[in-house]
Amino acid sequence: MSRDERGTIGLFSMRDWEACYRTGETPWDKGGAAPPLFELMKRHGPDLWGEGTVLVPGCGLGHDVRALSALGLPVLGLDISDTAIKRAREVPTVGGESYETGDFLDPAWGSGRRYSAIWEHTCFCAIPPSRREAYAASVAGLLAPGGVLAGVFFLTPNDPGEEETGPPFNVTIEELDGWFSPCFERLDSWVPDTAYPGREGREWLAVYRRLALT
């Protein structure tokens, strides 16, 4: 991944994300939904997402939100940046999508909320590795048993020798399985055939199902 796409902002705080959207310094935004999302839709169909609302954390300008909404699904796009959400709301709706400003990692935000599915794209890789435990707790708390976490995870966004820099941050499949067990089981996974230029072979699509724990 190029330095242009990573940016040179370092470890973003909440205020930094807002500044990025205000100044237009958003190299991760490609102007459309993630290509692997369409691949996932074709492979699994609309039933994958359940009968409730789909949550898209770190939705940015809402490209993935609208792609999911076009399936006839109720979708909530969440982002920590007020400017990102404002701009997402300015785009004509395609279905039952809505947007909200909030912190996905904040237990107070998630209290009392439940979703039938979560779509992950660029949120997990953007947070510092020290917050991955909080991410895993959030998805486990927001999904009812049987709900799915489906996502395209950026395994190797950085070039050799730059693995510790970010965001985005590297992660392994073994780490992902470790974070999401014992609350989830992995139902499916593969390296997507489609990707943004420069991300070919660096991403991994996975579907995890929330278990009913006794």
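The residues of the chain are indexed from 1 along the displayed sequence. Remember, it's a predicted structure, so these values are computed and weren't measured experimentally.
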When you look at His44 and Val148, which way does the side-chain contact (heavy atoms from CB on, under 4.5 Å) test go after all the steps? CA-CA 12 Å; His44 279 277; Val148 300; over 6 Å; no
Residue pair Tyr135 / Glu120, side-chain donor-acceptor N/O under 3.5 Å: yes
Backbone N/O of Gly60 and side chain of Asp79: donor-acceptor pair under 3.5 Å: yes
Residues Pro57 and Cys123: closest non-hydrogen pair is O-CB, 3.7 Å
Once the angle between the rings of Trp119 and His121 is folded into 0 to 90°, is it parallel (under 30°), tilted (30 to 60°) or perpendicular (over 60°)? tilted
Could you check whether the rings of Trp109 and Tyr115 sit parallel, tilted or perpendicular, using 30° and 60° as the cut-offs? parallel
To check you understand the geometry: which heavy-atom pair defines the closest contact between Arg89 and Tyr99, and what is its length? NH2-O, 2.6 Å
Side chains of Tyr21 and Leu61 in contact at under 4.5 Å (non-hydrogen atoms): yes
Please check if the distance between the ring centroids of Phe124 and Phe154 is under 6.0 Å. no
Whether the side chain of Ser98 engages the backbone of Leu76 through a donor-acceptor N/O pair (distance < 3.5 Å, no angle test) should be reported. no
Please name all residues satisfying salt bridge (Lys or Arg N to Asp or Glu O under 4.0 Å) with Arg22, sequence neighbours left out, ordered by chain then number. Glu18
Step by step, work out the side-chain contact (heavy atoms from CB on, under 4.5 Å) result for Asp177 and Trp179. CA-CA 6 Å; Asp177 282 344; Trp179 284 121; over 6 Å; no
